[in-house]
Q: 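Let me give you the structure first, and then I'll get to my questions.
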Amino acid sequence: MGYVKDLFKEKADVQSKDIKTIIEQNGNKKLEDVTLAQVYQGMRGITGLVTETSLLDSNEGIRFRGFSIPELREKLPKVEGGNEPLPEGLFYLMLIGELPTQTDVDHISDTWSRRSHVPNHVFHVIESFPTSAHPMTQFCAAIMALQTESKFTKAYSEGVSKKEHWSYVYEDAMTLISRLPRIAAYIYRRKYKNGEHIHPDGMQDWSGNFAHMLGYEDESFKELMRLYLTIHADHEGGNVSAHATHLVGSALSDPYLSFAAGMTGLAGPLHGLANQEVIRWIDEMCTELNSQEPSKEEIAEYIKKTLLQGKVVPGYGHAVLRKTDPRFLAQMEFAKRHCPDDSLIKTVWNIYDVAPPILESTGKIKNPWPNVDAHSGALLKHYGLVEEDFYTVLFGVSRALGVLSSLCWDRALGFPIERPKSITTEWVKKFLKQAESVA
Ligand SMILES: CC(C)(COP(=O)(O)OP(=O)(O)OC[C@H]1O[C@@H](n2cnc3c(N)ncnc32)[C@H](O)[C@@H]1OP(=O)(O)O)[C@@H](O)C(=O)NCCC(=O)NCCS
């Protein structure tokens, strides 16, 4: 067993004991009341999950084990001469709960590099799709194909004790994360680069090697990938991809099956596909206005038109956040340093200047500020990664770090199968009648 795995087990044992005590001593304490509106409207704001890896504050944004994005950018180890955090370090932080040293990060990089070999049948599954298939469809299918490798499923069928589940889930999570960049790059090169594939370079970090396999050797693109794969990794537990992975995992479906469920959720336009939608929306605006850099007045008119057509302005709004997403700001800061004169990026910034008051004036949009997806596509385009329907795959590779480290915690803490109660509207009507007659 590697030392990170041993350390994880130590931490999880302590946390397990603490949770036991919390439930024994305070299990009956009420957290909050739940309204019918919340039940009908996407369970918004109902606290019903424990996710140890990160916590979202609606005004401050995400904190990973207590660290904000600016703090992560400062404190996590980097490549020599680099400025951006290594996602390996964030994975360690989410898993162990402490900042990693350079040695810890090197250990994770080495482990992932050693396990990155993808079995041939996975490529055959990808090859069986028409190249027109959406990259997320190919990505989800490839993850399912990888499931033949699950150590958890094998151990479970051999009757392993429940106490050991976490160990096999940990192994599967590490192997799956190791292989995702190769799969994603394979889908990219097959769909957009005539199937001219690039061999992995095991000497590079996880993100550097991913950029290399995608076909991008520019060092500042590699830095962007390190930042991108860090900031998209986790957003506490209630978002669709995290919740779906956790829910499916609670049935003791192995990490491959659980992660595939998360990824099919990420593929939705209101969740991870929004990054693709943002670029399409800007492209359509530029085409309609016949300008590569429309003025703020023109942008404002186009936003109003989008709203009048009953469509969403992609990249704006959030179910929890009520301020500008710090993940948007981190990308903006990166762009200011690396590519401040790019016309698409300047358009993203102009949208940021004019969209919030317009969205706010509708009176119904709870958060008029940009989210992570409002900026990411413009940066990728700047470096030549122009194929926007691939962007959600990049998001998915990153999201694996959060949801799979969480899955390790779920099993190490022995969380049971998730099974909330549902009701019918008929039940609600009866309940309301009864409440009326009592009053
Ligand atoms: C993220 C999102 C799904 C959150 O949904 P939510 O929690 O229901 O948001 P709200 O409570 O603010 O929604 C209230 C109303 O405002 C609308 N709204 C929210 N964001 C909007 C936007 N960016 N453009 C237009 N309308 C928006 C909703 O569709 C809803 O309309 P309805 O009452 O007619 O159904 C939503 O803001 C959205 O669709 N944004 C665009 C897609 C996007 O960027 N997704 C990525 C999220 S990280």
Side-chain angles (χ1 to χ4, degrees), residues 35-48 54 56-62 69 136 228 231-244 262-285 299-332 348 351-380 388-389 391-396 398-399 402-403:
T35 65
L36 273 174
Q38 285 178 299
V39 172
Y40 271 106
Q41 291 167 348
M43 297 194 276
R44 209 67 91 256
I46 300 177
T47 307
S54 65
L56 183 57
D57 178 278
S58 54
N59 288 312
E60 250 202 346
I62 192 72
I69 286 183
M136 277 305 278
Y228 186 103
I231 63 177
H232 286 79
D234 211 30
H235 220 220
E236 73 170 31
N239 66 78
V240 171
S241 51
H243 190 188
M263 290 302 97
T264 52
L266 193 76
L270 296 188
H271 189 22
L273 211 71
N275 51 15
Q276 157 188 319
E277 299 299 306
V278 168
I279 290 299
R280 289 201 177 149
W281 180 82
I282 297 177
D283 274 354
E284 279 162 21
M285 171 172 72
I299 293 172
E301 285 313 308
Y302 195 79
I303 292 171
K304 287 178 196 161
K305 189 176 155 197
T306 303
L307 293 174
L308 273 176
Q309 288 170 335
K311 297 193 239 169
V312 296
V313 176
Y316 282 74
H318 198 271
V320 181
L321 273 172
R322 295 295 173 255
K323 284 272 168 67
T324 298
D325 191 335
R327 301 172 299 175
F328 177 92
L329 294 173
Q331 295 179 91
M332 191 169 176
V348 165
I351 298 170
Y352 181 33
D353 280 344
V354 300
I358 301 171
L359 297 177
E360 197 154 33
S361 70
T362 64
K364 69 168 184 178
I365 300 171
K366 294 196 191 69
N367 174 28
W369 301 103
N371 58 56
V372 66
D373 297 318
H375 210 307
S376 53
L379 270 168
L380 294 166
E388 67 262 9
D389 52 359
Y391 294 168
T392 311
V393 175
L394 295 176
F395 193 160
S398 169
R399 190 44 61 102
V403 301

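Atoms within each ligand, like the ligands themselves, are counted from 1 in listed order.
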Q: For Phe328 and Trp369, run side chain to side chain contact (heavy atoms under 4.5 Å, CB included): C-alpha distance rounded to whole Å, both residues' side-chain angles, the deciding distance at 0.1 Å, then the answer.
A: CA-CA 10 Å; Phe328 177 92; Trp369 301 103; over 6 Å; no
Q: Check the surroundings of atom CH2 in Trp281: do more than 12 heavy atoms from other residues, nucleotides or ligands lie under 6.0 Å from it?
A: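 Yes, CH2 of Trp281 has more than 12 neighbouring heavy atoms, counting only those of other groups under 6.0 Å.
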Q: List by chain and number: which residues place a heavy atom under 4.0 Å from ligand 1?
A: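 Contacting ligand 1 under 4.0 Å are Arg44, Leu270, His271, Ala274, Leu307, Lys311, Val312, Val313, Pro314, Gly315, Tyr316, Gly317, His318, Ala319, Lys364, Ile365, Lys366, Asn371, Asp373.
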Q: Mind checking side chain to side chain donor-acceptor pair (under 3.5 Å) for Lys311 and listing every partner two or more places apart, or none if nothing turns up?
A: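 Lys311 satisfies side chain to side chain donor-acceptor pair (under 3.5 Å) with Gln309 once adjacent residues are dropped.
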Q: May I have all residue pairs that pass salt bridge (charged side-chain N to carboxylate O under 4.0 Å, His left out) and include part of residues 270-281, sequence neighbours excluded?
A: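 Residue pairs with at least one partner in residues 270-281: Arg280-Glu388.
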Q: Suppose we screen for ring pair (Phe, Tyr, Trp, His ring centres under 6.0 Å). Which residues come up paired with His243, at least two apart in sequence or across chains?
A: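 Partners of His243 under the ring pair (Phe, Tyr, Trp, His ring centres under 6.0 Å) test: none.
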Q: So, for Arg44 and Gln38, which heavy atoms are closest and what is the spacing to 0.1 Å?
A: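 What the structure gives for the nearest pair is O-NE2, 3.0 Å.
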